[in-house]
Novice: 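I am attaching a structure below and will ask some questions about it afterwards.
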Amino acid sequence: MDKVLIIGTGIASLTAAMDLAEKGIYVYLLEKEAFAGGLLSKLNTVFPDDDPSICKIADLLFSARNHPNIELMTLAKLKSLKPEETKFKAKIHLESKRTNDDCNLCDRCAEVCPAKPFNTFNEGLSLRTAIDTSNPYSEEVYYIEKETPACIEACPVHIDIRKYIGLIASRDYLGALNVIREKNPLPGICGRVCNHPCETACNRKKYDEAISIDALKRFVSDYELALYREGKLSPLPIKAPSTKEKVAIIGAGPAGLTVAHDLAKMGYRPTIFERAPVPGGMLWLCIPEYRLPRDIIQVETEQIERLGTEIIYNHPIGSEHSLDDLRREGFKAIFIGVGAHKGLKLRIPGEDDFKGLLDCIIYLTRVNLGDKTKPGKKVIVIGGGNSAIDSARVSLRLGCDEVYILYRRSRLEMPANSWEVDAAEDEGVNLHFLIIPEKIIGENGRVTGIRCLKSKLGKLDASGRRQPVPIPGSEFEIECDLIIPAISQEPDVSWLAAGHGLEISKWNSFNINTRTGQTNIPHIFAGGDAVTGPQTVIKAIAAGHIAAEGIDKYLSN
Amino acid sequence: MEETRIGVFVCKCGTNIAGFLDVSDIAEYSSTLPDVVFTKVNLFTCSEAGISEIKNAIVQHNLNRVVVSACTPRTHEPTFRAACQEAGLNPFLFEFVNIREHVSWVHKNDREKGTKKARDLIRMGVARAALLEPKEFIEVPVLNEAIIIGGGVAGLSSAVSLAKRGFKVHLVERSNKLGGRLLDLNIIQPEMTSAKGIIEDILHEAENLPLINIYKGYKPVDLKGCIGAYKMIVENSKKETKEIDSGVIILASGTRMLDPSPYYGYNGRNIITQYELEKLLSNEDLEINNNVVMIQCVGSRNSENVFCGKICCMEAIKNSILLKERDDRIDVYIIYRDIQALGHENERLLRKAKNLGVRFIHYSAEKPPEVTKDAVKIYSDILNREFNIPYSLAVLATPQIPHSDAQELSRILKVPTDENNFFLEAHMKLRPIDFATDGIFICGSARWPCTVNEAIYQAEACAARASIPLGNGKVKVEPINSLLDEDICRGCGLCVSLCPYKAIELVNTDKGKKAKIIIAACKGCGVCGSTCYRHAITMSHYKDEQLLAQIEACFKE
């Protein structure tokens with residue numbers, strides 16, 4: 001095994017590589033930049049003879065590049081190096097260079113290149129063209145900076161953001177929407193409630209602020225909706241049922257809708273069984289209407305129905321209509337996308353003793369399904385996620401006198417979208433940080449208040465956030481007549497028939513193969529919050545795509 | 001006869017050429033020369049872009065001669081030859097015109113005349129190029145044995161390294177003892193290891209390797225042959241000679257110490273050299289009281305020996321630390337011109353010496369110290385005052401200098417020395433341990449004074465470089481050599497006596513005595529060709545008609 005890996009392509013590496021190669025040893029030369037040659041190739045002249053530095057290295061580079069025993073890899077990073085019995089095994093990540101042997105180095109592309117990334121050799125002080133000719137002495141003279149833009153990489157479903165924003169810029173709004181729909185069947189919904197990791201990753205932030213990718217998505221979706229309403233655009237024709245297998249989908253949330261959308265497009269016959277009278281799952285049941293208008297959910301669900309999906313509402317799967325029944329009815333595969341609707345308990349004394357405690361999910365569902373009664377006068381919401389903020393803002397809007405949010409860490413650690421927190425504060429919600437509930441207090445069977453401890457932040461925990469540490473002796477009490485715990489949820493698996501045989505984790509979620517969405521029972525798939533616990537809409541959509549692909553693969557075999 | 005189609009490439013070399021010459025005028029002029037069908041100006045002809053332009057032009061314009069007018073063949077002839085070869089053209093159909101070293105760098109102040117000279121040179125180059133003939137490299141077998149001259153730490157290290165690789169080594173040492181200067185030294189900084197310990201380990205290893213043949217008391221007196229088949233004659237003091245065959249030679253002949261007697265009243269008793277102090281310090285019972293004054297740069301960095309001794313600063317600092325650690329009451333003064341303490345280990349020792357109370361006094365070359373019978377008088381140009389330091393021991397830092405027979409060795413091996421009689425490598429940056437002559441390598445202080453670890457890593461590098469031809473068992477040499485027309489040769493023997501490489505011999509043939517050229521030994525210097533009154537000898541690749549065409553072109557505008 002006469003092979004040597006050399007990391008770096010400066011003068012030392014090249015010299016060593018040439019000597020080894022001349023001796024008949026096969027050499028892999030690894031360069032993480034696009035250009036071989038190291039620092040020397042970028043300098044002007046070197047002392048004492050004042051030759052151009054290229055004179056020192058061009059010959060070596062040329063020989064190394066053409067040597068049959070040397071394999072030069074640029075844009076290559078060493079991922080791992082494992083010693084085995086008599087050798088090392090290196091894992092190397094190669095980035096695409098986008099040029100091939102047809103390139104005859106005419107230089108014209110660099111002249112017209114519109115993309116100007118920072119010049120890393122200059123510590124980012126200047127710009128260069130994405131197709132770089134700054135270093136003419138190297139292996140790959142022409143290359144494009146990066147295959148995947150940061151935003152596309154950050155998006156869980158990898159929408160071609162660069163393309164659709166480009167189409168919007170050239171005013172092809174419906175074209176842009178088509179690009180979005182290739183990866184995201186719910187653009188109107190995501191345009192309003194997505195936590196847009198794409199904007200967090202946006203490189204424009206280095207200059208001023210991120211591109212408003214999410215708002216642009218909402219804009220094109222609204223544009224289309226307006227055309228429908230004005231009658232300028234006819235809705236999609238309803239697709240006739242296909243000939244391929246029937247697939248049952250449990251839950252019409254974002255994951256379920258995505259699976260249905262993908263499968264219908266592939267020619268399967270998906271049927272969604274929805275427990276609630278409305279589509280959207282958490283989108284409808286928990287997100288307040290002011291954040292996500294219900295007609296948007298309806299329109300986007302209709303789009304999916306028109307593709308050839310049947311949705312049966314008010315139809316829970318469970319003891320009366322079980323998974324086995326579905327199998328017998330001819331559904332060749334089943335997707336479980338039931339979400340995570342079971343609120344976690346506070347696990348403090350008094351929690352089960354008094355009336356006046358209402359889990360946020362139950363509360364929001366009730367409100368969203370039309371119950372607009374005022375829940376109490378003085379409301380305390382416990383938690384720091386979006387559900388907590390939603391519960392607090394909804395309470396204010398229903399006429400509660402005072403609404404408090406208690407959170408055990410500081411504002412920085414809140415999982416809720418920062419803009420939601422700001423909006424809640426503006427609206428009049430009282431935010432209190434570093435407070436840990438200790439005991440629920442009540443009289444005559446009703447809640448009258450809550451006893452709390454102050455806390456301070458300690459070391460980082462497993463989630464990467466600082467752990468709240470209670471301060472002894474800092475107890476205090478707050479009066480209230482309604483407490484809304486909003487401290488995360490877990491999937492409800494009580495509907496499963498006894499002896500269902502599915503693997504359930506200790507967090508009551510479904511165990512799946514993350515690449516296919518398949519559970520331990522081959523024809524049953526799962527995804528979304530039912531697998532991950534409460535997560536974002538866009539992640540549920542991503543899980544839907546994976547499961548749809550897995551189901552297709554399973555049914556094709 | 002094929003039509004001659006010449007392509008001329010004019011290099012700007014960034015601003016190295018284009019800054020001083022009118023490159024576009026030169027290119028335009030080139031295109032008017034006979035047989036020139038293609039002309040191109042490059043920013044850097046040796047870059048990837050330039051190389052691919054040559055290759056493309058050869059194919060597209062069906063070129064059968066290539067002229068590059070750029071820099072020196074020393075740096076880039078192999079590059080351009082390889083480019084020709086890759087495009088399917090014989091590499092010897094390439095002609096190099098040097099308009100950088102020969103024109104732009106030497107005529108920086110006269111753009112017009114410089115440009116005219118460049119035009120002349122290109123015209124000559126084109127005239128010769130038209131007459132070039134294709135040639136093939138000659139493959140020479142390599143005997144897998146090595147001669148190493150010098151049995152000090154450098155020679156021994158490379159001997160051990162080569163022998164461990166399985167090559168037979170002939171180690172030639174002029175004295176009767178192996179080990180060199182390290183035998184006389186005490187402690188080596190910065191690790192403060194015992195010098196004897198280092199050398200004894202290597203010696204032990206060398207003496208126990210059966211592949212190492214040791215010739216003690218012998219020195220080279222004659223060398224024949226070339227890479228692959230050297231034949232060295234060595235001789236001892238009794239004038240007994242031995243003949244050694246080898247494929248490569250490593251020169252590690254080291255240095256001697258400068259005779260200190262002309263300096264500062266050296267007497268070997270209380271005015272001694274650092275080298276002698278080493279021996280004193282290895283004696284535990286050494287008694288030193290009062291002051292020790294060390295004088296740096298004695299006999300070096302002056303008009304006679306312009307070079308820096310390189311190791312004396314650290315030797316003085318190390319010895320001053322040893323003295324201080326032995327007895328804190330000893331006052332040590334180091335009188336210096338500049339301190340060379342590069343590297344963090346040496347820097348640490350320098351600081352340690354200062355912390356221990358060693359006093360450093362700077363002097364300038366114009367006002368050197370005076371050593372009287374009991375005191376050193378020194379003018380500090382920093383403090384602007386004179387010191388009178390009484391001493392019990394004055395220590396002179398004299399440099400290592402080349403051996404007195406360095407010139408003789410240089411003549412025998414036909415390798416160059418610099419103006420100080422140190423041996424001169426092929427290229428100070430790119431080929432620091434090669435000689436320009438193939439198959440001879442250099443390491444240790446024979447090249448320049450060096451520290452022990454530098455000597456060892458140069459030795460290891462020599463062994464690595466040498467094992468390329470040794471391991472391959474063959475080497476390619478340039479087919480530039482003498483060609484004899486036997487019919488014309490009269491067998492006079494003039495060429496035999498003049499050939500500096502002993503590459504011609506007289507042989508008896510049917511037609512009488514004739515010269516015979518040993519191709520492998522011939523370096524193509526042309527001495528024989530220019531002296532043969534019968535014009536029986538021509539030089540391949542530098543034939544008379546090629547050179548005459550060039551000369552004719554010179555005077556024909």
Side-chain angles (χ1 to χ4, degrees), chain A residues 2 11-12 14-16 18-25 34-37 40-41 43-69 72 74 99 101-108 110 133-143, chain B residues 11-17 19 42-57 59-60 70-83 85-86 100-101 105 165 427-434 461-476:
Chain A
D2 283 348
I11 183 105
L14 285 173
T15 311
M18 278 306 292
D19 277 4
L20 288 168
E22 282 294 305
K23 222 179 276 183
I25 293 166
F35 306 124
L40 186 60
S41 69
L43 301 178
N44 181 24
T45 58
V46 280
F47 76 94
D49 39 10
D50 246 2
D51 273 356
S53 56
I54 179 180
C55 286
K56 310 287 179 219
I57 200 152
D59 188 28
L60 266 174
L61 257 176
F62 186 78
S63 328
R65 210 165 38 230
N66 293 305
H67 203 290
N69 283 350
L72 176 59
T74 53
T99 53
D101 296 342
D102 296 340
C103 169
N104 66 359
L105 308 164
C106 72
D107 217 353
R108 297 294 169 268
T133 58
S134 68
N135 180 337
Y137 325 128
S138 177
E139 152 82 336
E140 297 294 339
V141 183
Y142 297 83
Y143 86 111
Chain B
C11 180
K12 290 182 168 180
C13 197
T15 54
N16 272 291
I17 293 172
N42 308 114
L43 181 63
F44 287 106
T45 313
C46 59
S47 69
E48 175 66 28
I51 294 292
S52 65
E53 265 170 7
I54 294 179
K55 291 195 288 194
N56 292 342
V59 175
Q60 280 167 18
C71 55
T72 157
R74 203 169 68 126
T75 40
H76 290 315
E77 192 171 58
T79 314
F80 297 132
R81 278 184 178 172
Q85 193 158 25
E86 263 185 62
R100 193 179 76 181
E101 277 83 341
W105 280 359
R165 284 162 215 239
H427 189 288
M428 68 177 81
K429 282 202 170 60
L430 298 179
R431 297 174 64 195
I433 55 165
D434 298 1
C462 274
R465 291 285 282 174
S467 55
I468 296 171
L470 293 180
N472 289 343
K474 60 189 181 201
V475 72
K476 275 184 177 174

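Below, chains carry the letters A, B, ... as their sequence lines are ordered, and counting in each starts from 1.
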Novice: What residue, out of B:E101, B:H427, B:M428, B:E86, has the most heavy-atom pairs lying under 4.5 Å from chain A?
Specialist: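 The residue among B:E101, B:H427, B:M428, B:E86 with the greatest pair count is B:E86.
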Novice: List the atom of A:F62, the atom of B:I51, and the distance in Å for their closest heavy-atom pair.
Specialist: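 In terms of heavy atoms, the two residues are closest at CE1-CG2, 3.1 Å.
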Novice: Just to verify, what does B:K12 make a side chain to side chain donor-acceptor pair (under 3.5 Å) with, not counting sequence neighbours?
Specialist: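 Result, side chain to side chain donor-acceptor pair (under 3.5 Å) vs B:K12: none returned.
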Novice: Roughly how far apart are B:E77 CD and B:C71 SG, rounded to 0.5 Å?
Specialist: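 Between B:E77 CD and B:C71 SG, I get 10.5 Å after rounding to 0.5 Å.
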Novice: Using heavy-atom distances under 4.5 Å, tell me whether B:A83 contacts chain A through its side chain, its backbone, both, or neither.
Specialist: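 It is both, since atoms from each part get that close.
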Novice: For B:T72, is it the side chain, the backbone, both or neither that has a heavy atom under 4.5 Å from a heavy atom of chain A?
Specialist: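 For B:T72, no heavy atom lies under 4.5 Å from chain A.
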Novice: Using non-hydrogen atoms and a 4.5 Å limit, figure out which bit of A:D59 sits close to chain B: side chain, backbone, both or neither.
Specialist: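 For A:D59, the contact with chain B is made by backbone and side chain together.
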Novice: From A:L20 CG over to A:N69 CG, what is the distance, rounded to the nearest 0.5 angstrom?
Specialist: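 Reported value, rounded in 0.5 Å steps: 10.0 Å.
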Novice: Please look at A:I11 and chain B and tell me whether the side chain, the backbone, both or neither of the residue comes under 4.5 angstrom of a heavy atom of that chain.
Specialist: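 Contact with chain B involves the side chain of A:I11 alone.
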Novice: Do B:I17 and B:W105 touch side chain to side chain, with heavy atoms closer than 4.5 Å?
Specialist: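 SC-SC contact between B:I17 and B:W105 ruled out.
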